[in-house]
Amino acid sequence: MKRSFLTVVLVLTGLQSLHAQRNVAPRALPPDPFAAVEDVPGLPRVLLIGDSISEGYTVPVQKLLSGKANVHRIPQNGGSTKTGIEKIEAWLGIGHWDVIHFNWGLHDLMFDPERQREPAEYEKDQLILYEKNLRALTSRLKATGAKLIWASSTPVPEEMSSPRSPSHRSGMVRVYNEVAARVMTENGVTIDDLYSSVAPVQTEMQKPHDVHFGGEGSEFLAGKVAEAIGAVLPVARQ
């Protein structure tokens, strides 16, 4: 009797375990913005340069422009203009680019309140450095012969949760964007004003107390980016 009861228990336990295994769905991995892109011959080549905000909209942009362009992105977070100066040659590589959609800004305007005891003086020096670096980077990108599109930096929430992005920096995004807009206008670079597109729907599209966007927000940005790129894409070669 004991052996029979034990057998029933083991069978039931095994069935429950099997049932549990069958009902555990594998976790879907998020799309990889850094995945290698195999070019479709004849389609124009596009390069996306930017920070983690651009990482979020890379894959949706690739989908929106599928069949129209080969959309690549730099193989890392673009960081600040200082990082751009250090990495731009490697990012551009030796291939030809038809369109380059680029942005720097959010990393340039960050500061550590524990380390920067004179924020006003730091701000002044940072803005000078930002403009200097941005002019150098824009000049280098123009030399590629690609059609250039500058993306304004997206808004920063007034209250941030990350100590790396202090609160009350929302106003500084506009200041940095104004500097960038001046540089781009002087260089005849098209401006994709993502800041103005996001601002009216910021609370709906952006994560709370965070500069980043959820899936819907990244899709929203992708639509704007793809539209800007699509407007200047050359005709595909047959």
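The analysis underlying the following values was restricted to heavy atoms, covering all of them including side chains, and did not include hydrogens, waters or symmetry mates. We count residues from 1, following the sequence as given.
The OG1 atom of Thr185 lies 12.0 Å from the CH2 atom of Trp150; values are rounded to the nearest 0.5 Å. The distance from the CD atom of Gln126 to the CD atom of Glu123 is 8.0 Å, given to the nearest 0.5 Å. Rounded to the nearest 0.5 angstrom, Leu106 CG and Tyr176 OH are separated by 10.5 Å. For the atom pair CD (Glu89) and CZ (Arg140), the distance works out to 4.0 Å, reported to the nearest 0.5 Å. In this structure, the separation between CD1 on Ile85 and CG on Leu137 is 4.0 Å, given to the nearest 0.5 Å. To the nearest 0.5 Å, atoms CG (Asp108) and CG (Asn133) are separated by 7.0 Å.
Residues Ser218 and Gly56 come closest through the heavy atom pair CB-O, 3.3 Å. Annotation for Arg73 and Ser54: closest pair NH1-OG, 2.9 Å, computed over non-hydrogen atoms. Residues Pro200 and Ser196 approach most closely at CD-O, 3.1 Å, considering heavy atoms. Nearest heavy-atom pair, Leu92 versus Trp97, reported as atom, atom and distance to 0.1 Å: O-NE1, 2.9 Å. Closest heavy-atom contact between Asn103 and Ser153: ND2-OG, 3.2 Å. For the residue pair Glu38 and Asn70, the shortest heavy atom distance occurs at O-OD1, 4.3 Å.
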Does the side-chain contact (heavy atoms from CB on, under 4.5 Å) test come out yes or no for Ile49 and Ile88, once each step is laid out? CA-CA 10 Å; Ile49 299 177; Ile88 192 64; 4.2 Å; yes

Decide side-chain contact (heavy atoms from CB on, under 4.5 Å) for Asn77 and His107; before the verdict, give the C-alpha distance in whole Å, the side-chain angles of both, and the deciding distance to 0.1 Å. CA-CA 10 Å; Asn77 184 316; His107 283 255; 3.7 Å; yes

Salt bridge (Lys or Arg N to Asp or Glu O under 4.0 Å) between Asp192 and Lys224: does it pass, once the steps are laid out? CA-CA 8 Å; Asp192 182 9; Lys224 301 297 181 182; over 6 Å; no

Before giving the answer on salt bridge (Lys or Arg N to Asp or Glu O under 4.0 Å), spell out for Glu131 and Arg135 the whole-Å C-alpha distance, their side-chain angles and the decisive distance to 0.1 Å. CA-CA 6 Å; Glu131 181 170 352; Arg135 288 187 181 279; 3.0 Å; yes

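Around the CD atom of Glu86, the shell of radius 6.0 Å holds more than 12 heavy atoms that belong to other residues, nucleotides or ligands.
Tracing side-chain contacts under 4.5 Å through hydrophobic residues (I, L, V, M, F, W, Y), one never reaches Val198 starting from Leu64; they form parts of separate clusters. A continuous path of Ile, Leu, Val, Met, Phe, Trp and Tyr side chains, each step under 4.5 Å between heavy atoms, connects Val225 with Val189, placing both in one hydrophobic cluster. Hydrophobic clustering of Ile, Leu, Val, Met, Phe, Trp and Tyr side chains at less than 4.5 Å, counting indirect connections, keeps Val59 apart from Leu47. A chain of hydrophobic side-chain contacts below 4.5 Å, direct or via other Ile, Leu, Val, Met, Phe, Trp or Tyr residues, connects Ile191 to Leu194. Hydrophobic clustering of Ile, Leu, Val, Met, Phe, Trp and Tyr side chains at less than 4.5 Å, counting indirect connections, keeps Leu129 apart from Met110.
For residues 36-63, no residue pair satisfies the ring pair (Phe, Tyr, Trp, His ring centres under 6.0 Å) rule, not counting sequence neighbours.
Residue Gln62 is tested with Leu48, Val46, Val71 for a side chain to side chain contact (heavy atoms under 4.5 Å, CB included); the sole match is Val71.
The closest side-chain donor-acceptor pair between His96 and Asp98 falls under 3.5 angstrom.
Within the 4.5 Å cutoff, no side-chain heavy atoms of Thr190 are placed close to those of Lys147. The side-chain heavy atoms of Tyr195 and Pro155, taken from C-beta on, include a pair separated by under 4.5 Å.
Remark: Gln76 pairs with Trp91 by the side chain to side chain donor-acceptor pair (under 3.5 Å) rule, at least two apart or across chains.
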